[in-house]
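Reading through the structure tokens given below for one structure.
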Amino acid sequence: MCAVFKFQNKIFKPGGKITARSQQGDVNHVWAGFARHEILDWWLKRGGIILDIHADSFAERSDQTRRLIWDIVPENHVIRGVLDLQSSDHRIKIVTRSATNEETKHFHHPRMPLLALPLFGATPPEVEDWSSARELF
């Protein structure tokens with residue numbers, strides 16, 4: 001699913017604010033859950049907005065050991081997100097997909113974040129508020 005992700009040496013977790021880019025520009029809202037790729041049309045019909053979330057790496061929490069297992073986001077890729085406009089404070093959901101057999105063996109988790117080419121420009125958005133991020137060092 002994506003338990004955490006790392007961007008510019010900071011770790012972001014659910015419940016904290018993250019910055020993403022949409023067709024309308026940059027947004028900064030709370031990361032509050034997940035949206036399954038299989039029903040992404042449902043989110044869009046409810047007014048959801050597709051997002052690019054820039055990240056250097058992500059981690060899944062193993063269902064077996066409960067430890068984080070990290071992987072790199074491929075160069076020129078982003079984590080796909082959706083902005084839920086139905087919530088009063090417009091929350092960001094990370095889009096997930098079913099893990100492949102290899103990914104399930106490696107991460108011990110059935111869901112993965114959807115990694116894709118950016119839709120709204122390759123350069124990361126200007127991040128104004130890093131207050132919810134945790135410094136790595």
Side-chain angles (χ1 to χ4, degrees):
M1 277 206 269
C2 187
V4 297
F5 70 87
K6 194 183 316 180
F7 183 60
Q8 295 181 349
N9 292 323
K10 293 182 175 39
I11 293 179
F12 294 88
K13 298 179 180 184
K17 282 194 171 185
I18 61 174
T19 299
R21 178 163 289 150
S22 72
Q23 186 173 10
Q24 293 81 19
D26 296 347
V27 297
N28 187 265
H29 293 288
V30 171
W31 170 12
F34 304 92
R36 292 184 317 137
H37 179 260
E38 296 85 348
I39 61 165
L40 187 56
D41 284 344
W42 180 83
W43 286 99
L44 300 178
K45 287 177 186 172
R46 295 180 67 227
I49 296 173
I50 295 290
L51 300 172
D52 288 345
I53 302 168
H54 288 264
D56 301 316
S57 58
F58 70 92
E60 292 291 348
R61 186 165 305 280
S62 167
D63 287 341
Q64 294 175 2
T65 66
R66 305 306 300 155
R67 291 188 178 168
L68 292 176
I69 300 173
W70 287 90
D71 201 358
I72 293 174
V73 174
E75 191 173 339
N76 300 320
H77 281 67
V78 295
I79 297 173
R80 184 66 65 228
V82 64
L83 181 60
D84 178 8
L85 297 178
Q86 298 295 316
S87 59
S88 61
D89 51 358
H90 299 214
R91 296 180 176 239
I92 294 175
K93 311 282 186 182
I94 299 281
V95 177
T96 66
R97 62 170 176 78
S98 293
T100 65
N101 287 339
E102 278 185 26
E103 290 167 335
T104 301
K105 288 176 187 174
H106 177 74
F107 290 99
H108 310 130
H109 199 281
R111 303 291 297 174
M112 297 292 295
L114 180 60
L115 306 178
L117 293 172
L119 296 173
F120 312 114
T123 26
E126 291 295 320
V127 179
E128 297 176 16
D129 177 21
W130 290 104
S131 61
S132 65
R134 186 173 60 94
E135 292 285 344
L136 287 179
F137 304 102

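Positions are given from 1 along the sequence.
When side chains are defined from C-beta on, F5 counts as touching I18, because their heavy atoms get closer than 4.5 Å.
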Please output the side-chain donor-acceptor pairs of residues 35-49 that fall under 3.5 Å, not counting sequence neighbours, one pair per line with the distance.
residue: E38; atom: OE1; partner: R111; partner atom: NH2; Å: 2.8
residue: E38; atom: OE2; partner: S98; partner atom: OG; Å: 3.3
residue: E38; atom: OE2; partner: R111; partner atom: NH1; Å: 3.1

Output a table of donor-acceptor pairs, distance under 3.5 Å, between side-chain atoms of residues 99-107 and any protein atom two or more places apart or on a different chain; print 'none' if there are none.
residue: T100; atom: OG1; partner: E103; partner atom: N; Å: 3.1
residue: T100; atom: OG1; partner: E103; partner atom: OE1; Å: 3.3
residue: E103; atom: OE1; partner: R97; partner atom: NH1; Å: 2.9
residue: E103; atom: OE1; partner: R97; partner atom: NH2; Å: 3.3
residue: E103; atom: OE1; partner: T100; partner atom: N; Å: 2.8
residue: E103; atom: OE2; partner: R97; partner atom: NH2; Å: 2.7
residue: T104; atom: OG1; partner: T100; partner atom: O; Å: 3.0

Name the atoms and distances for all side-chain donor-acceptor pairs under 3.5 Å in residues 67-82, with sequence neighbours left out.
residue: H77; atom: ND1; partner: E75; partner atom: O; Å: 3.1
residue: R80; atom: NH1; partner: L51; partner atom: O; Å: 3.3
residue: R80; atom: NH1; partner: D52; partner atom: OD1; Å: 2.3
residue: R80; atom: NH2; partner: L117; partner atom: O; Å: 3.0

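At most 12 heavy atoms of other shown residues, nucleotides or ligands fall within 6.0 angstrom of atom CD in Q23.
Rounding to the nearest 0.5 Å places CZ of R21 at 5.5 Å from OG1 of T123. Rounding to the nearest 0.5 Å gives a distance of 9.0 Å between OG1 of T19 and CZ of F7. The CD1 atom of I94 sits 7.0 Å away from the CZ atom of F34 when rounded to the nearest 0.5 Å. Taken to the nearest 0.5 Å, the NZ atom of K6 stands 8.0 Å off from the CG atom of D56.
Criterion: ILVMFWY side-chain heavy atoms under 4.5 Å apart, direct or through other members. Under it, F120 and V95 are part of a common hydrophobic cluster. I50 and V30 sit in two unconnected hydrophobic clusters of ILVMFWY residues. Membership requires side-chain heavy atoms under 4.5 Å apart, directly or through other members.
Not counting sequence neighbours, the partners of D63 by the side chain to side chain contact (heavy atoms under 4.5 Å, CB included) test are R66, H109, P110. Contacts of T65 classified as side-chain hydrogen bond (donor to acceptor under 3.5 Å, both in side chains), with partners at least two apart in sequence or in another chain: S62.
What you find for C2 and W31 is that their closest heavy atoms are O-CZ2, 3.3 Å. R61 and A3 make their closest contact through N-CB, 4.0 Å (heavy atoms, listed as atom of the first residue, atom of the second, distance).
Evaluation of the salt bridge (charged side-chain N to carboxylate O under 4.0 Å, His left out) test over residues 82-94, restricted to residues two or more places apart or in two chains, returns D89-R91.
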